[in-house]
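In what follows, chains carry the letters A, B, and so on, assigned in the order in which the sequence lines appear, proteins first and then strands, with residues in each chain numbered from 1. What you see below is based on every heavy atom in this structure, not just the backbone, and it leaves out hydrogens, waters and symmetry mates.
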Number of protein chains: 2
Amino acid sequence: MNQAIRANNRNDVLLDSAAELFSARGYQASTMRDIARKCGMLPGSIYYHYANKDALLVAVYAEGVRRLTERVEEAVAAHSDPWERLERMLATHIEMIIEPTAYASVIIRILPDAAPAVARELTDLRNRYELILRNLLTALPLADDVDRKLLRLLLIGAANHVQVWHRPGGESPETIAGELLRMVGHRAAAPQDGDQP
Amino acid sequence: MNQAIRANNRNDVLLDSAAELFSARGYQASTMRDIARKCGMLPGSIYYHYANKDALLVAVYAEGVRRLTERVEEAVAAHSDPWERLERMLATHIEMIIEPTAYASVIIRILPDAAPAVARELTDLRNRYELILRNLLTALPLADDVDRKLLRLLLIGAANHVQVWHRPGGESPETIAGELLRMVGHRAAAPQDGDQP
DNA sequence: TCCCTAACCAAACAATCGTTTGTTTAACGT
DNA sequence: ACGTTAAACAAACGATTGTTTGGTTAGGGA
């Protein structure tokens with residue numbers, strides 16, 4: 001009754017190709033012909049899987065959020081200390097947006113207004129992921145005068161910008177995340193017992 | 001002998017229009033027809049002033065760097081304290097990348113690889129401006145174990161990201177720059193006399 | 001006043017874009 | 001073994017893209 005998905009379905013290859021091109025060249029610069037060529041299809045064949053180019057971008061976005069969320073929550077779950085959890089989140093996040101398998105990278109590089117017709121969907125997907133960071137920050141013991149919203153935006157901006165300047169063989173995501181929190185974190189930390197256990 | 005520039009030359013209006021569209025919609029999404037319509041020209045007329053679309057982007061970039069450099073150095077010159085100078089630089093930078101008169105905004109939003117043929121020129125222009133921040137950081141008294149390069153990239157990322165999330169009527173650039181350095185700066189500061197004058 | 005040319009207009013160009021249409025192939029349930 | 005249909009191919013569509021070409025207008029030095 002409901003349509004079966006055949007074994008030789010190349011939807012995932014298609015999605016991979018789109019993600020890589022969107023990530024490397026941007027949305028508008030990646031043509032349907034480029035994507036088709038990359039995954040060994042013809043341009044028209046893409047439209048069997050997705051209604052249009054915008055829908056393809058939404059699919060890549062959704063898969064990116066899914067993978068990011070999965071990996072981040074997995075990395076965070078292993079720790080209980082709020083600062084440690086935040087550091088693991090940032091390290092994993094940075095790791096994923098600089099690797100060539102580029103689903104996560106698309107979410108950072110392609111702004112929602114690149115596809116106005118589906119901008120709202122893209123923003124919602126972004127927000128769903130950012131909620132993780134928001135919750136991690138809420139759990140963080142901070143001095144009263146620290147603007148949590150501003151701190152969050154600062155961290156997002158600094159972390160996402162790594163995608164622009166990082167080169168293969170450079171600092172590891174762990175190092176970057178560590179330095180990031182070493183600069184920001186301790187200063188903002190509320191006075192607590194057992195600071196150096 | 002040398003060609004005179006007439007009074008009714010609308011090159012500046014053309015450049016303004018291009019800057020606004022590039023800033024608002026991105027490079028590829030802004031067509032020559034859009035730009036022409038915005039400044040009351042016909043599409044072909046643009047080619048009297050610039051050889052092609054890429055050259056137009058380079059011109060906008062150059063003017064953006066010129067304005068940024070001018071305003072920032074002017075704001076910084078009024079102070080002598082390294083931290084104060086850095087804060088003034090960041091505040092001015094943020095102020096210019098969120099205002100609608102969008103030359104500075106283009107430099108942040110449009111990455112050099114949006115126009116591969118002139119990517120090198122665009123990168124050079126960016127670097128020339130970033131040199132200011134680099135020099136301000138060099139003059140900063142910091143603890144020995146602070147990674148100046150990473151600090152610079154963190155600041156750039158956080159500052160530029162303001163363009164994405166800031167809405168009219170939100171926090172002032174001064175406030176944002178202040179909070180930014182309050183989080184980052186003091187922690188990284190080397191022990192110095194007269195910490196609270 | 002005259003004339004040169006800076007500064008534009010008007011209209012098309014070839015190329016490329018996202019997309020549609022009709023047809024073909026081959027994997028799967030029965 | 002057969003018939004259905006998922007999944008693709010082959011080829012074009014109209015629209016839009018950056019750009020070119022030849023003609024027009026008006027500002028300013030002589």
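- The side chain of B:L42 lies closest to C:dA10 when the candidates are C:dA10, D:dA7, C:dT19.
- By the 6.0 Å and 45° rule, B:K53 stacks over the aromatic ring of B:Y27.
- Looking at which nucleotide of DNA chain D each of B:Q28 and A:M41 is closest to, the 5′-most match is held by A:M41.
- Distance alone, capped at 3.5 Å, is enough to place a donor-acceptor pair between the B:N52 side chain and the B:A55 backbone.
- Between A:D34 atom CG and C:dG18 atom P there is a gap of 8 Å when expressed in whole angstrom units.
- The CG atom of A:L122 sits 10.0 Å away from the CG atom of A:L111 when rounded to the nearest 0.5 Å.
- Taking atom CG of A:N9 as the reference point, atom P of C:dA26 lies 16 Å away to the nearest angstrom.
- Residue A:R10 is classed as a sugar-phosphate contact, given heavy-atom separations below 4.0 Å to backbone atoms only.
- Note on A:N52: only backbone sugar-phosphate atoms sit closer than 4.0 angstrom, heavy atoms only; bases stay farther off.
- The nearest whole Å value for the distance from the CD1 atom in A:I35 to the P atom in C:dG18 is 8 Å.
- In this structure, the CD1 atom of A:I46 is 12 Å from the C1' atom of D:dA8, given to the nearest Å.
- Of the candidate nucleotides C:dC17, D:dT19, D:dA7, D:dT19 has the atom lying nearest to any side-chain atom of B:M32.
- Summarising the geometry, the separation between CG on A:N11 and P on D:dA7 is reported as 8 Å, rounded to the nearest angstrom.
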For this session: Starting from the C-alpha separation in whole Å, work towards a yes-or-no answer on side chain to side chain contact (heavy atoms under 4.5 Å, CB included) for A:W165 and B:L150.
Result: CA-CA 10 Å; A:W165 57 262; B:L150 204 51; 3.7 Å; yes

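- Counting non-hydrogen atoms of other residues, nucleotides and ligands closer than 6.0 Å to CZ of B:R148 gives a total above 12.
- The residue A:T31 sits close only to the backbone: its heavy atoms come under 4.0 Å of sugar-phosphate atoms, none of a base.
- The side chain of A:Y48 sits closest to D:dA7 out of D:dA7, D:dG18, C:dC9.
- Side-chain atoms of B:R33 lie closest to D:dT19 of the nucleotides C:dT20, C:dC17, D:dT19.
- Relative to the side chain of A:H49, the nucleotides D:dA8, C:dA26, C:dC8 differ in distance, and D:dA8 lies closest.
- At whole-Å resolution of the value, CZ in A:R6 and P in D:dT4 are 14 Å apart.
- Between A:Y47 atom OH and C:dT20 atom P the separation is 7 Å, expressed in whole Å.
- Atom pair A:R37:CZ and D:dC9:P shows a separation of 14 Å (rounding to whole Å applied).
- Phosphate proximity of C:dA7 to B:S45: absent, as no side-chain N or O sits under 4.0 Å from OP1 or OP2.
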